[in-house]
Amino acid sequence: MMLTALGLMSGTSLDGVDVALIETDGKQVKAFGPSGYRAYNPAERNLLRQALSEAVNLPRRDARPGILAEAERAVTQAHAEAVAAFLAQNRMKPEDIDIVGFHGQTVLHRPEKRLTVQIGDAPALARAIHIPVMHDFRAADVEAGGQGAPFVPVYHRALANSLDREGPIVVVNIGGVSNITYIDGNDTLIACDTGPGNALLDDFMYRTMNQAFDAEGKFAALGKVDEAWVARALELPFFALPPPKSLDRNDFAALKLGDVAPADGAATLTAFTAAAIARVIPLLPRRPRSWIVCGGGARNLTMLRMLRERVGSATVEAAESLGWASDAIEAQAFGFLAARGLKGLPLSYPATTGVPMPMTGGVIARP
């Protein structure tokens, strides 16, 4: 049975709430619906930053001392407003939607302590929007000893399977950190972080050029790659570890380029991201035939070119060229996960989060 599922996502960048509608049975995606966005205002962002710093010492996942209770109310209200605006813009009624997937805002993720905390009051949200809400997706995985992330691979597989092309296919998400989902039919699903995404390059561009990022990779295209530096960086132990494995945005911040021309530095860091992604190939069961790139890095044409140069005869293409809405994929994924959770289907697997067995998850709150 196909469900109309609305996914909600608020990521670690604290920029706002993404909203996306899909039609799905939890196994395949029948249709993509519209998407929307509700930005956090400066006061809300500031409140969330305070919540992140205060959450460090949380003893339990349900504790909401001090500022965390206020932040949870703000997150819930922002999501309710995002849904209301989405329904109004698309002339829809609550009864048009079967389920909402509500990720909430992560304020603490300590899988080694079997603790992950996403704030957001799902019962209050369900009452406000008059639609059932599936939430708390990561808890069961972490309690069972998994990393509690990444959770998007099962959705990447549904997208890839709709392409009707021969595998293996790898979906690469290049955000602050790069991560991959390796898909080979319905039986093999592997995921891991591969290394830096845009973080090192963005920080370098800001430091040297006072620019937030290298738009379309135009600056890196002017520079010369220091291949010896890239080769040394790839000798770090992380790159030889098998999946699943994960990183923090700042895990490679200690790597220094030295005294280089800005264009050469940008070229070298762009090449490092591409090389780190390609470095995962020997760790996979079979050599991928297709690489599909989403996230901010998909707009960096130099990064795409450098990745093509390092993956042999495989194709490399941006997700948008396939009709995928790159900016909406994570929100769509939580609509998809809500449908899977309703049906008791697995959300995470041993080779995606390190959990001992395939795990379903999610808790439902009704209006």
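Using a distance-only test at 3.5 Å, with no hydrogens or angles considered, no donor-acceptor pair links the side chain of Asn198 to the main chain of Leu201. Remark: the backbone N or O of Lys256 is paired with a side-chain donor or acceptor of Trp229 at under 3.5 angstrom. Listed for the Glu70 side chain is no donor-acceptor partner under 3.5 Å among the backbone atoms of Ile67. The backbone N or O of Pro132 sits nowhere less than 3.5 Å from a side-chain atom of Arg366 that would complete a donor-acceptor pair. In this structure, Thr268 contributes its side chain and Asp226 its backbone to a donor-acceptor pair below 3.5 Å. Of the possible polar contacts, one joining the Thr24 side chain to the Gly26 backbone as a donor-acceptor pair under 3.5 Å is found. Within the 3.5 Å criterion, the main-chain N or O of Ile281 finds no donor-acceptor partner in the side chain of Arg287.
Note: the hydrophobic cluster containing Leu8 does not contain Val152 (ILVMFWY, side chain heavy atoms under 4.5 Å, direct or indirect links). By the criterion of side-chain heavy atoms lying less than 4.5 angstrom apart, applied directly or through intervening Ile, Leu, Val, Met, Phe, Trp or Tyr residues, Met134 is grouped together with Met1 in one hydrophobic cluster. Neither Ile190 nor Val355 shares a network with the other; the hydrophobic side chains, linked directly or stepwise wherever heavy atoms of I, L, V, M, F, W or Y lie under 4.5 Å apart, form separate groups for each. Following chains of ILVMFWY side-chain contacts shorter than 4.5 Å, one can reach Ile169 starting from Leu322, so the two form part of one hydrophobic cluster. Hydrophobic clustering (ILVMFWY, side-chain heavy atoms < 4.5 Å, transitive): Leu108 and Leu52 are in one cluster.
Annotation for Ala191 and Pro150: closest pair CB-CG, 3.8 Å, computed over non-hydrogen atoms. Closest non-hydrogen pair, Thr76 versus Ala124, comes out as CG2-CB, 4.1 Å. For the residue pair Asp193 and Phe238, the shortest heavy atom distance occurs at O-CZ, 3.5 Å. Heavy atoms only, all atoms of each residue included: Ala63 and Leu58 are closest at O-CD2, 3.5 Å. Closest approach of Arg157 and Gly185 over heavy atoms only: CD-O, 4.0 Å. The minimum heavy-atom distance linking Ala325 with Gln332 is given by the pair CB-NE2, 4.2 Å.
Between Ile292 and Leu159 there is no side-chain heavy-atom pair separated by less than 4.5 Å. Residues Tyr37 and Asp15 meet the side-chain proximity criterion, which asks for heavy atoms closer than 4.5 Å. Looking only at side-chain heavy atoms (C-beta outward), Thr315 and Arg165 come within less than 4.5 Å of each other. Side-chain contact check for Val29 versus Ser162: every heavy-atom pair is 4.5 Å or farther apart. Using a 4.5 Å heavy-atom threshold, the side chains of Leu21 and Ile97 count as touching. Considering only heavy atoms from C-beta on, Ile129 comes within 4.5 Å of Val100 through its side chain. By the 4.5 Å heavy-atom criterion applied to side chains, Leu284 and Asp184 are not counted as neighbours. Residues Leu200 and Thr273 form no side-chain contact, since every pair of their non-hydrogen atoms from C-beta on lies 4.5 Å or further apart.
Taking CD1 of Ile131 as the reference point, atom CG of Asp98 lies at 9.5 Å (rounded to 0.5 Å). Considering CE of Met9 and CD of Glu330, their distance stands at 4.5 Å, rounded to 0.5 Å. Remark: Tyr206 OH to Asp202 CG distance equals 12.0 Å, nearest 0.5 Å. Summarising the geometry, atom CD belonging to Gln105 is positioned 6.5 Å from atom CD1 belonging to Ile119; distances are rounded to the nearest 0.5 Å. Within the model, atoms CD of Glu72 and CG of Leu48 stand 11.5 Å from one another, a figure rounded to the nearest 0.5 Å. Note that CG of Leu307 and OG1 of Thr302 are 12.5 Å apart. Values are rounded to the nearest 0.5 Å.
Checked by atom type, the side-chain pair Arg38/His79 shows no donor-acceptor distance below 3.5 Å. Side-chain contact annotation: Thr4 with Glu23, donor-acceptor N/O pair under 3.5 Å absent.
Annotation: side-chain hydrogen bond (donor to acceptor under 3.5 Å, both in side chains) contacts of Asp62 (sequence neighbours excluded): Arg60.
A salt bridge links Arg299 with Asp327: at least one charged nitrogen is closer than 4.0 Å to a carboxylate oxygen. Comment: Asp136 engages Arg61 in a salt bridge, judged by a side-chain N to carboxylate O separation of less than 4.0 angstrom.
Few gaps surround NZ on Lys343; more than 12 heavy atoms of other groups in view lie less than 6.0 Å from it. Few gaps surround OH on Tyr349; more than 12 heavy atoms of other groups in view lie less than 6.0 Å from it. Other residues, nucleotides and ligands contribute at most 12 non-hydrogen atoms within 6.0 Å of the NZ atom of Lys27.
Between Thr353 and the choices Ser246, Pro111, Ser348, the side chain to side chain contact (heavy atoms under 4.5 Å, CB included) rule is met once, by Ser348. Residue Arg138 forms a side chain to side chain donor-acceptor pair (under 3.5 Å) with just one option from Gln147, Glu143, His103, and that option is His103. Of the residues Thr352, Asp141, Leu337, the one that meets the side chain to side chain contact (heavy atoms under 4.5 Å, CB included) test with Leu347 is Leu337.
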side-chain contact (heavy atoms from CB on, under 4.5 Å) between Val17 and Tyr40, intermediate numbers included: CA-CA 7 Å; Val17 180; Tyr40 286 132; 3.8 Å; yes
For a side-chain contact (heavy atoms from CB on, under 4.5 Å) check, start with the C-alpha distance between Asp96 and Asn90, then their side-chain angles and the critical distance, and finish with the verdict. CA-CA 11 Å; Asp96 295 330; Asn90 295 288; over 6 Å; no
With ring-ring contact (aromatic ring centres under 6.0 Å, His included) as the test, would you mind laying out the steps for Phe252 and Phe239 before giving the verdict? CA-CA 12 Å; Phe252 295 101; Phe239 296 107; 5.4 Å; yes
Might you work through the side-chain contact (heavy atoms from CB on, under 4.5 Å) test for Val225 and Met306, ending with a clear yes or no? CA-CA 10 Å; Val225 175; Met306 289 179 171; 3.6 Å; yes
Met92 and Phe86: CA distance, side-chain angles, deciding distance, side-chain contact (heavy atoms from CB on, under 4.5 Å) verdict: CA-CA 8 Å; Met92 296 178 73; Phe86 177 87; 4.1 Å; yes
Side-chain donor/acceptor pairs under 3.5 Å, residues 170-183, sequence neighbours excluded:
residue, atom, partner, partner atom, Å
Ser178, OG, Pro196, O, 3.2
Thr181, OG1, His156, ND1, 2.8
Tyr182, OH, Arg286, N, 3.1

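Taking the six-membered ring for Trp and the full ring otherwise, Phe32 and Tyr155 have centroids separated by 6.0 Å or more. The aromatic ring centres of Phe137 and Phe334 sit less than 6.0 Å apart.
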